Enquirer: 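Can you keep this structure in mind? I'll have questions shortly.
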Number of protein chains: 2
Amino acid sequence: MSNCKTHKTCINEALKKAETICNEKGVKLTKLRQTVLKLIWKSHNYVKAYDLLDELKKIDDSAKPPTIYRSLDFLIENGFIHKIQSLNAYVGCSHPQEHKECYFLICDSCQNIEECCSEQINKVVISTTGKNHFELNQVTLEISGTCQDCTN
Amino acid sequence: MSNCKTHKTCINEALKKAETICNEKGVKLTKLRQTVLKLIWKSHNYVKAYDLLDELKKIDDSAKPPTIYRSLDFLIENGFIHKIQSLNAYVGCSHPQEHKECYFLICDSCQNIEECCSEQINKVVISTTGKNHFELNQVTLEISGTCQDCTN
DNA sequence: AAATTGATGTTATATTATAACATAATTGAT
DNA sequence: ATCAATTATGTTATAATATAACATCAATTT
Ligand SMILES: [Zn+2]
Ligand SMILES: [Zn+2]
Ligand SMILES: [Zn+2]
Ligand SMILES: [Zn+2]
């Protein structure tokens with residue numbers, strides 16, 4: 001995924017989905033939010049907030065930390081991006097509609113992130129938390145390592 | 001676990017284990033590091049670095065951020081504590097010897113953390129990353145929600 | 001004792017994120 | 001259309017988290 005051959009499609013799909021979902025929810029994908037989403041979707045790599053801010057400044061000189069963090073908040077709230085907790089970084093969500101308990105494969109070498117859903121992992125998490133009588137709220141599963149492209 | 005009835009034992013065990021492991025490894029559990037470890041083990045709740053620093057300052061007025069972060073680094077490196085990535089917080093490791101792929105049950109209500117090992121989760125993670133031809137390095141699994149004590 | 005290594009002290013600064021308040025744009029009701 | 005309420009953005013300041021860099025001190029090795 002490091003060099004995605006069909007990345008224009010990825011971006012277009014992501015933007016289209018975001019628009020659709022916003023319309024359904026009655027929230028607004030403003031120009032700014034769309035711009036930030038595009039910047040995040042520049043690749044499948046994770047991005048840091050202040051790098052994003054630097055990029056945004058090239059477009060809008062007046063951008064400041066709250067500019068970027070507000071957009072990030074909106075995009076996270078609506079499921080269009082995810083925060084990678086172990087890296088304080090952000091990445092586009094590849095399937096905002098059907099997103100459930102996903103996990104992330106994070107390549108230490110190329111910063112590529114693959115977002116996966118595993119019904120199996122989901123089940124195991126639910127069953128083991130159940131055994132602990134723990135009422136589940138949020139699952140953070142982030143796996144770092146080396147992706148296939150970088151291993152070869 | 002929120003009100004651990006045998007917490008003195010928890011602390012003593014943690015300190016004893018840390019000493020043993022340090023001796024085996026030939027690294028030093030200095031006075032400072034031991035103090036920080038004790039402060040972290042004050043409870044099973046997670047603690048923030050700067051709160052820890054405030055506590056340490058009560059003992060040693062000259063403590064500064066590097067003081068605490070160096071100790072945290074040492075304690076993490078040697079497996080005596082863990083960093084909770086989703087909270088930028090730290091918690092004592094309940095089983096530093098046999099620690100493998102553990103996960104954390106984090107109570108949003110009482111800040112208690114239970115560290116668990118599940119061979120089952122471990123297996124599923126390995127098998128699903130294998131399917132993705134991903135060479136695993138580090139797994140971060142943090143589950144937030146409400147613990148049994150807080151549900152009742 | 002001198003040299004090396006490891007630990008701590010100290011100052012400064014980098015990185016990540018939010019509070020607080022002002023202004024502008026949009027929506028919705030009258 | 002007008003006003004009020006809400007939502008979004010602009011702006012300044014600061015909070016919270018973490019590390020770099022260099023000085024000093026202590027322990028260990030030669
Ligand atoms: Zn792509
Ligand atoms: Zn890679
Ligand atoms: Zn205890
Ligand atoms: Zn609880």
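Quantities reported herein were computed from a predicted structural model and do not represent experimental measurements. Convention: sequence-line order gives letters A, B, ...; per-chain numbering from 1.
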Enquirer: Nearest to the side chain of B:Asn88, heavy atoms from C-beta on, is which of D:dT17, D:dT9, C:dA17?
Expert: D:dT17
Enquirer: What is the separation between atom CG on B:Asp60 and atom C1' on D:dC25, rounded to the nearest whole Å?
Expert: 15 Å
Enquirer: Quickly work out the A:Ile68 CD1 to D:dG10 P distance and round it to whole Å.
Expert: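 In whole Å, D:dG10 P and A:Ile68 CD1 are 11 Å from each other.
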Enquirer: Heavy-atom nearest nucleotide on DNA chain C for B:Lys64 versus B:Ser71: which residue maps closer to 5'?
Expert: B:Ser71
Enquirer: When you measure only distances, ignoring hydrogens and angles, does the side chain of B:Arg70 come within 3.5 Å of the base of C:dG9 through a donor and an acceptor?
Expert: yes
Enquirer: Classify the nucleic acid contact of B:Lys83 as base, sugar-phosphate or nothing, counting any heavy atom under 4.0 Å across all strands shown.
Expert: sugar-phosphate
Enquirer: Is any side-chain nitrogen or oxygen of A:Lys48 closer than 4.0 Å to OP1 or OP2 of C:dT16?
Expert: yes
Enquirer: Mind calculating the distance between OH (B:Tyr46) and P (D:dT17) to the nearest angstrom?
Expert: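 So the OH-P distance, B:Tyr46 to D:dT17, works out to 11 Å.
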Enquirer: Hey, does B:Arg33 reach any base, or is it just sugar-phosphate, or nothing, if we go heavy atoms under 4.0 Å?
Expert: sugar-phosphate
Enquirer: Among the candidates C:dT11, D:dT17, C:dG9, find the nucleotide nearest to the side-chain atoms of B:Pro66.
Expert: C:dT11
Enquirer: Could you check how far CG of A:Asp61 sits from C1' of D:dT9, rounded to whole Å?
Expert: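 Between C1' of D:dT9 and CG of A:Asp61: 16 Å.
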Enquirer: For B:Glu55, is there an ion pair with B:Lys58 - N to carboxylate O distance below 4.0 angstrom?
Expert: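 Salt bridge flag = yes for B:Glu55 with B:Lys58.
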Enquirer: Please verify the inter-ring angle class for B:Tyr69 with B:Tyr90; under 30° counts as parallel, over 60° as perpendicular, anything in between as tilted.
Expert: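 Ring orientation of B:Tyr69 relative to B:Tyr90: perpendicular.
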Enquirer: Figure out the OH/P separation between A:Tyr69 and C:dT16, and round it to whole Å.
Expert: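 Whole-Å distance recorded here is 7 Å.
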Enquirer: Looking just at side-chain N and O atoms, do B:His82 and B:Glu115 make a donor-acceptor pair shorter than 3.5 Å?
Expert: yes
Enquirer: Among the candidates D:dT11, C:dA17, C:dT10, find the nucleotide nearest to the side-chain atoms of B:Thr67.
Expert: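 The closest nucleotide is C:dT10.
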Enquirer: Please state whether the phosphate of C:dT8, meaning OP1 or OP2, lies under 4.0 angstrom from any side-chain nitrogen or oxygen of B:Ser62.
Expert: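 No.
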Enquirer: Ignoring hydrogens and angles, tell me if any N or O in the side chain of A:Lys64 forms a donor-acceptor pair with the backbone of A:Ser62 under 3.5 Å.
Expert: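 The answer is yes, because a donor-acceptor pair under 3.5 Å joins these two groups.
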Enquirer: To the nearest angstrom, how far is A:Lys31 atom NZ from C:dT26 atom C1'?
Expert: 18 Å
Enquirer: If only side-chain N and O atoms count, and only distance matters, is there a donor-acceptor pair under 3.5 Å linking A:Asn88 with A:Lys48?
Expert: no
Enquirer: Find the distance A:Leu72:CG to D:dT9:C1' and express it as a whole number of Å.
Expert: 15 Å
Enquirer: Taking NZ from A:Lys28 and P from C:dA25, how many angstroms apart are they, rounded to a whole number?
Expert: 13 Å
Enquirer: Should B:Tyr50 be counted as stacked on D:dT17, where stacking needs a ring-centre gap under 5.5 Å and an angle between planes under 30 degrees?
Expert: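 Yes, B:Tyr50 stacks on the base of D:dT17, since the ring centres sit under 5.5 Å apart and the planes are within 30°.
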